[in-house]
There are 2 protein chains.
Amino acid sequence: MEALTIHEAAQTTGWTPRMLRYIERIGLIEPARTESGYRHYGAGELQRLRTLRELLAEHEIGLGDVAFALRLRRDEALSGAVGSWLEAEPQRPEAVSADRWLRWEQEKHARIIDALTTNETMETAA
Amino acid sequence: MEALTIHEAAQTTGWTPRMLRYIERIGLIEPARTESGYRHYGAGELQRLRTLRELLAEHEIGLGDVAFALRLRRDEALSGAVGSWLEAEPQRPEAVSADRWLRWEQEKHARIIDALTTNETMETAA
DNA sequence: ACAACCTTATCAAAGCTGTGTCAAGGTTGG
DNA sequence: CCAACCTTGACACAGCTTTGATAAGGTTGT
């Protein structure tokens, strides 16, 4: 037999049945179901449950963190938004002084107006 | 003078001074300091503080999530580990497990296995 | 020199996470 | 048909996160 019940799966992976349901609830591992609704954990899921424990232990992260990483991977808009926010991070605070940034902003403003008034054939791709 | 104190920065960004210190503590925005230790928020930091609020509001995420995303981005080993764990995810539960549990069921009843073995040429179209 | 800021550190309350346990009810195999 | 599983749902509790308030003390500008 290839698929284990939740108690058996718990036993062989070191989790509790309660936690297997929780892990499923947050979207990390969703086992197949029998017709009557029983969870069935296959070899792949058992492996992933074991590696999940290692992952958490070795990197001091929580289930919620992994769930968020999964969400990042699935939600393109989210990962884009977070990514581009983080992108603006490489802080060299000394390098760009505040008033220099202000000046650059004003220049940009001027350039935009210029571009708009002289050349209106632009493909605004969002 | 272009850089704002913590109270001024809080005022113009909609955070509280307390939260600006917290945001710094979790590594998201670390403003420059004066010689005597006062935080100084420049235009760039103010901008990032405002976009941070939008980011949280629009995607229903928390500061801790963004902090984790930052950690992912900085810790190559971590992002590798999480990534490869998630990589093994794309299960199409329907495809495999349905007939698998059926087979398991029938094994238990010691019944017509022939029907399955002769009829196992199923298209796993995904 | 004083008011009005800033700093760090600490206590506290509200809320979320991770986990156990129990209850009411469906499935299953002998 | 009964014991031993399974299901979902709820209550509960420790511990962590998020946020505020407050204290003790340094800096600053007028």
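In what follows, chains are A, B, ... by sequence order, proteins preceding strands, each numbered from 1. Computed from a predicted model, the values in this text were never measured in an experiment.
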Would you say a side-chain N or O of R21(B) is under 4.0 Å from OP1 or OP2 of dT7(C)? yes
Could you pull out all residues at least two apart from R73(A) that satisfy side-chain hydrogen bond (donor to acceptor under 3.5 Å, both in side chains)? E87(B)
Just the rounded figure in Å: distance from C1' of dT21(C) to CG of L20(A). 16 Å
Enumerate the salt bridge (Lys or Arg N to Asp or Glu O under 4.0 Å) contacts for residues 60-72 of chain A, please, sequence neighbours excluded, ordered by first and then second residue. none
At a cut-off of 3.5 Å, list every protein nitrogen or oxygen paired with a nitrogen or oxygen from nucleotides 13-16 of chain D, distance to 0.1 Å.
none

Could you list the residues that satisfy side-chain contact (heavy atoms from CB on, under 4.5 Å) with L28(A), not counting sequence neighbours? I23(A), I26(A), L52(A), L63(A), V66(A), A67(A), L70(A), W85(B)
On a heavy-atom basis, which atom in I29(A) and which in Y41(A) lie closest, and how many Å separate them? CG2-CE2, 4.5 Å
DNA chain C contacts among residues 9-17 of chain A, heavy-atom distance under 4.0 Å: T16(A)
Which nucleotide in the set dT8(C), dT17(C), dC11(D) lies at the smallest distance from any side-chain heavy atom of R18(A)? dC11(D)
Heavy-atom pair with the smallest gap, counting every atom of L72(A) and S79(A): O-CB, 3.2 Å
Classify R39(B) by what it touches in the nucleic acid, base, sugar-phosphate, or nothing, heavy-atom distance under 4.0 Å. sugar-phosphate
Do any N or O atoms from the side chain of E8(B) and from the backbone of T5(B) form a donor-acceptor pair under 3.5 angstrom? yes
In numerical order, the residues of residues 55-66 of chain B whose heavy atoms come under 4.0 Å of DNA chain D are L63(B), G64(B)
Starting from P on dG20(C), measure out to CE on M19(A) and report it in whole angstrom. 7 Å
Closest non-hydrogen atoms of R74(A) and G27(A), given as atom of the first, atom of the second and distance, are NH1-O, 4.5 Å
Which residues pass the side-chain contact (heavy atoms from CB on, under 4.5 Å) test with R53(B), not counting sequence neighbours? W15(B)
Tell me what R25(A) touches on the nucleic acid: a base, only sugar-phosphate, or nothing, going by heavy atoms under 4.0 Å. nothing
Please enumerate all residues that pass side-chain contact (heavy atoms from CB on, under 4.5 Å) together with Q11(A), with sequence neighbours excluded. none
By salt bridge (Lys or Arg N to Asp or Glu O under 4.0 Å), R50(A) pairs with (sequence neighbours left out) none
Rounded to whole angstrom units, what separation is found between the CD1 atom of I26(A) and the P atom of dG18(C)? 6 Å
Nearest-Å distance, OH (Y41(A)) to C1' (dT7(D))? 12 Å
Taking only the side-chain heavy atoms of R33(B) (C-beta and beyond), determine which of dT19(C), dG20(D), dT7(C) contains the nearest atom. dT7(C)
Give the rounded distance in Å between these two atoms: CD of E8(A) and P of dA4(D). 16 Å
At a cut-off of 3.5 Å, list every protein nitrogen or oxygen paired with a nitrogen or oxygen from nucleotides 23-27 of chain C, distance to 0.1 Å.
{"unit_1": "dG26(C)", "atom_1": "N2", "unit_2": "Y38(A)", "atom_2": "OH", "d": "2.5"}
{"unit_1": "dT27(C)", "atom_1": "O4'", "unit_2": "Y38(A)", "atom_2": "OH", "d": "3.0"}
{"unit_1": "dT27(C)", "atom_1": "O3'", "unit_2": "S36(A)", "atom_2": "OG", "d": "3.3"}

Quick check against the 3.5 Å criterion: does E58(B) have a side-chain atom that pairs as donor or acceptor with the backbone of L55(B)? no
Sequence-distant partners of S84(B), side-chain contact (heavy atoms from CB on, under 4.5 Å), two or more places apart: none
By the salt bridge (Lys or Arg N to Asp or Glu O under 4.0 Å) test, which pairs, at least two apart or in different chains, include something from residues 19-29 of chain A? E24(A)-R33(A), E24(A)-R39(A)
Distance in angstrom units between E24(A) CD and dT8(D) C1', rounded: 12 Å
Spacing between E35(A) atom CD and dT28(C) atom C1', to the nearest angstrom: 14 Å
Out of curiosity, does L20(A) fall in the hydrophobic cluster containing Y38(A) (side-chain heavy atoms, cut-off under 4.5 Å, transitive links)? no
